[in-house]
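Nothing here was measured: the structure is a model prediction, and the numbers come from that model.
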Amino acid sequence: MSIKNSIWVEKYRPHTLDDMILPERVINKVKNGISNHTLLYGTAGLGKTSLARIIAKDRSSMYINCSIETGIDTVRNKITEFCTNIALSFDDSGDRKEKIVILDEFDGASDAYFKAMRGAMEQFSSTTKFIATCNFFTKIPDHMKSRFDCVDFNFGKEEE
C-alpha cells in the first residue's frame, strides 16, 4: 500500500464533480470549467481543494501550498517558470486548454507574495487560470479579491 493510499483524506478525496456534495450554486459556477481566475473560500473541510484539483484534472497544472511557500521567490521563480515554460494542454478537438495554478491556503501568503501575484495573474491571464483556496476570506487583500471570481463555500441553512 502506498503512503498516499494510507492517508484517509487522500484515499477518499472526491475525483469528479459528481463525487462532491456541494450547493447547486457552486456546481453551476464550475460545471463547465472556469473562465476567470477563481477564489474558493469558506470553512475548512468543505472541499475547496478537492474542487480545485478536479477543475485542474487533465490540464497542465501546478499546486502551491501558500502557507508553506509564502515568499515572493515562489511567484518570481516557480510560478513564472511554469506559466512561461510548461506546455499547454489540448482537448479532443485540438483546442488549447489553459494551464491551472492552484494556490491552496492563499490566506497564508505574505504581502509581497500578493503584490507579485497581481502582476503574474495579469501577465499570464491568456494562458493560465489561477484557482485560490482560503479559509479566511478577510485575510485576502481587496486588490487580490478584485482579480478573482469569488465563490463562497459556506452552506446557507436553505442549502443543507
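Proximity of Val30 to Val151: side-chain heavy atoms (C-beta onward) are nowhere separated by under 4.5 Å. With contacts defined as side-chain heavy-atom distances shorter than 4.5 Å, the pair Cys66/Phe114 does not qualify. Counting only heavy atoms from C-beta outward, the side chains of Ile55 and Ile102 never approach each other to under 4.5 Å. Counting heavy atoms from C-beta on, the side chains of Arg53 and Thr49 come closer than 4.5 Å. In this structure the side chain of Leu51 reaches within 4.5 angstrom of the side chain of Leu17, judged on heavy atoms. The shortest distance between side-chain heavy atoms of Ile34 and Asp149 does not fall below 4.5 Å. A 4.5 Å side-chain heavy-atom check between Asn154 and Phe137 finds every atom pair outside the cut-off. When side chains are defined from C-beta on, Arg59 does not count as touching Lys99, because their heavy atoms never get closer than 4.5 Å.
Under a 3.5 Å cut-off, the side chain of Arg25 and the backbone N or O of Asp152 do form a donor-acceptor pair. Judged by distance alone, with hydrogens and angles left aside, the side-chain atoms of Lys129 form a donor-acceptor pair with the main-chain N or O of Ser125 at under 3.5 Å. With hydrogens and angles disregarded, a donor-acceptor distance shorter than 3.5 Å links the side chain of Thr133 to the backbone of Glu105. Between the Asp107 side chain and the Asn135 main chain, a donor and an acceptor come within less than 3.5 Å of each other. At least one donor-acceptor pair under 3.5 Å links the side chain of Asp19 to the backbone N or O of Thr16.
Proximity of the aromatic rings of Tyr41 and Phe148 is defined here by a centroid distance below 6.0 angstrom, and this criterion is not met.
Atom OG1 of Thr43 and atom NZ of Lys48 lie 7.0 Å apart (nearest 0.5 Å). Interatomic distance, Phe153 CZ to Leu40 CG, rounded to the nearest 0.5 Å: 5.0 Å. Taking CD from Glu69 and CD1 from Ile64, the interatomic distance works out to 4.5 Å, rounded to the nearest 0.5 Å. Interatomic distance, CD1 of Ile131 versus OG1 of Thr38, reported as 6.0 Å (0.5 Å rounding). Atom CG of residue Asn32 and atom CD1 of residue Ile27 lie 12.0 Å apart, to the nearest 0.5 angstrom. A distance of 11.5 Å separates NE2 in His15 from CE in Met20, rounded to the nearest 0.5 Å.
Within 6.0 Å of CZ on Arg147 lie more than 12 heavy atoms contributed by other residues, nucleotides or ligands.
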* Asked: Are Phe124 and Ile79 close enough, and set up right, to give a side chain to side chain contact (heavy atoms under 4.5 Å, CB included), and what steps lead you there?
  -> CA-CA 10 Å; Phe124 302 113; Ile79 293 173; 5.7 Å; no
* To do: Please lay out, stage by stage, how Met144 and Leu39 fare under the test side chain to side chain contact (heavy atoms under 4.5 Å, CB included).
  => CA-CA 10 Å; Met144 290 307 304; Leu39 173 63; over 6 Å; no
